[in-house]
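Quantities reported herein were computed from a predicted structural model and do not represent experimental measurements. Labels below follow one simple rule: chain letters A, B, ... track the order of the sequence lines, proteins then strands, and each chain is numbered from 1.
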Protein chains: 2
Amino acid sequence: MDVKTKARYEVRAKIVKALAHPTRLFIVDQLSNHKRRVNELTDMIGADGSTVSKHLSVLRNAGIVKDEKIGASVYYELTTPCVLNFFGCIEGVLKSNAELHLAATEHFEIQEIK
Amino acid sequence: MDVKTKARYEVRAKIVKALAHPTRLFIVDQLSNHKRRVNELTDMIGADGSTVSKHLSVLRNAGIVKDEKIGASVYYELTTPCVLNFFGCIEGVLKSNAELHLAATEHFEIQEIK
DNA sequence: TGTAGATATGGCAATATAGCCAAATAACCA
DNA sequence: TGGTTATTTGGCTATATTGCCATATCTACA
């Protein structure tokens with residue numbers, strides 16, 4: 001893999017990596033409809049404020065969310081609704097996994113009966 | 001976030017995490033058209049065979065690829081073409097990042113001229 | 001059977017990530 | 001100004017991930 005190709009995949013991996021955490025997926029999901037204050041997100045998540053703040057900065061560095069300061073609060077919103085497509089993609093994989101698992105289970109049962 | 005919701009996001013994060021590496025994105029891309037032998041992938045990637053094998057097992061554990069042994073070789077293929085949608089999603093974020101960056105640059109230049 | 005080729009696994013060191021606490025910064029208001 | 005709230009940052013430890021080497025496993029085939 002040449003240097004240029006490698007760089008290409010690294011840029012893309014950075015974005016995927018930013019989404020690769022349950023809390024950050026939750027945040028993206030919550031931002032799909034409304035802007036939210038850090039505070040609101042912290043309450044929903046139930047983690048330390050500093051932890052949530054760091055997750056938000058990972059998302060911001062990847063360009064997935066942007067922030068806007070209003071008064072003492074900081075509001076976060078999705079940079080582009082595109083990311084929501086990720087959820088559809090994930091569901092697709094989950095669905096196919098479920099089907100495979102079901103098939104495997106059925107196969108196992110048939111073997112048991114034999 | 002209650003236990004059930006948390007579990008829900010953890011399952012999804014596991015799949016995203018499996019894709020969150022440049023080499024693994026490359027592999028998925030390569031598998032989008034053909035099945036490939038481990039050997040072929042190793043040659044294309046230019047890493048140690050054991051390294052590639054471990055990346056493949058990460059993808060397999062997440063249900064993203066499946067393997068089939070034919071003779072002495074193991075062929076890998078995508079479990080579902082769904083994952084290819086990920087690339088479209090990523091490009092969407094990259095595009096929006098590029099636009100933001102452009103806008104930020106323009107804004108900076110205007111300020112400089114003032 | 002023995003040897004070669006293809007793949008997977010165990011183990012290890014380097015590095016990255018996560019989450020908490022404490023402290024810094026910023027905005028608001030009495 | 002001083003206190004209060006909202007958010008971020010620094011620092012630390014625990015844990016996870018990566019990638020290489022050496023080694024094991026499996027298949028083919030001489």
Rounded to whole Å, how long is the line connecting atom [atom1] of [X] with atom [atom2] of [N]?
| X | N | atom1 | atom2 | value |
| --- | --- | --- | --- | --- |
| A/D67 | D/dA6 | CG | P | 17 Å |
| A/K6 | D/dT18 | NZ | P | 14 Å |
| B/L25 | D/dT18 | CG | C1' | 15 Å |
| A/Y75 | D/dA6 | OH | C1' | 11 Å |
| A/F26 | C/dA18 | CZ | P | 17 Å |
| A/I27 | C/dG19 | CD1 | P | 10 Å |
| A/E68 | D/dA6 | CD | P | 18 Å |
| B/D48 | C/dG11 | CG | C1' | 14 Å |

Are the side chains of [X] and [Y] in touch, meaning some heavy atoms are under 4.5 Å apart?
| X | Y | value |
| --- | --- | --- |
| B/D29 | B/S32 | yes |
| B/Y76 | B/R60 | yes |
| B/L56 | B/V74 | no |
| B/T51 | B/H55 | yes |
| B/H21 | A/K17 | no |
| B/R8 | B/R12 | yes |
| A/T79 | B/V93 | no |
| B/V83 | B/I15 | no |

- prompt: Which pairs count as side-chain hydrogen bond (donor to acceptor under 3.5 Å, both in side chains) when at least one residue sits in residues 61-75 of chain A, sequence neighbours excluded?
  reply: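 Found A/K35-A/E68.
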- request: Please list all pairs passing the side-chain hydrogen bond (donor to acceptor under 3.5 Å, both in side chains) test where one or both residues lie in residues 37-47 of chain B, with sequence neighbours left out.
  value: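 Every side-chain hydrogen bond (donor to acceptor under 3.5 Å, both in side chains) pair that includes a residue of residues 37-47 of chain B, provided the two are not neighbours, is B/R36-B/E40.
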query: Can B/L78 be reached from B/V52 by stepping across I, L, V, M, F, W or Y side chains whose heavy atoms are under 4.5 Å apart?
result: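 Looking at the clustering, B/L78 is in the same group as B/V52.
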- prompt: Among residues 53-66 of chain B, which contact DNA chain C at a heavy-atom distance under 4.0 Å?
  reply: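 Nucleic-acid contacts, sorted: B/S53, B/K54.
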message: Among residues 10-18 of chain A, which ones have heavy-atom contacts with DNA chain C below 4.0 Å?
response: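 Going residue by residue through residues 10-18 of chain A, the ones with a heavy atom under 4.0 Å of DNA chain C turn out to be A/K17.
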field: Heavy-atom protein contacts under 4.0 Å, nucleotides 24-30 of chain D, coded B base, S sugar-phosphate only, - none
entry: --SSS--
- request: Answer yes or no: is there an ion pair linking B/K95 with B/E99, defined by an N-O contact shorter than 4.0 Å?
  value: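 Salt bridge present between B/K95 and B/E99.
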message: Between B/K14 and B/E10, does any NZ, NE, NH1 or NH2 come within less than 4.0 Å of an OD or OE carboxylate oxygen?
response: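 A salt bridge is absent here (no side-chain N lies under 4.0 Å from a carboxylate O).
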query: So, does B/R24 use its side chain to make a donor-acceptor pair with the main chain of B/A18 at under 3.5 Å?
result: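 Yes, because the side chain of B/R24 sits within donor-acceptor range (under 3.5 Å) of the backbone of B/A18.
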query: So what does B/T51 touch, heavy atoms closer than 4.0 Å: a base, only the sugar-phosphate, or nothing?
result: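 Answer is base: heavy atoms of B/T51 come under 4.0 Å of a base.
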message: Regarding B/S50, tell me which of base, sugar-phosphate or nothing describes its non-hydrogen contacts under 4.0 Å with the strands shown.
response: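 Touches a base.
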message: From C-beta outward on B/H21, which listed nucleotide comes closest to its side chain: D/dT9, D/dT18, D/dC20?
response: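 The nucleotide sitting nearest to the side chain is D/dT18.
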field: Along DNA chain D (nearest heavy atom to each residue), the more 5'-positioned of A/V52 and B/A20
entry: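 It is A/V52, whose closest nucleotide lies nearer the 5' terminus.
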task: Can you sort out which residues in residues 28-43 of chain A have a heavy atom within less than 4.0 Å of DNA chain D? Ascending by number, please.
output: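 Correct list: A/R37, A/V38, A/N39.
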query: Taking only N and O in the side chain of A/Y76, is any of them less than 4.0 Å away from OP1 or OP2 of D/dT8?
result: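 A/Y76 to D/dT8 OP1/OP2: side-chain N or O found under 4.0 Å.
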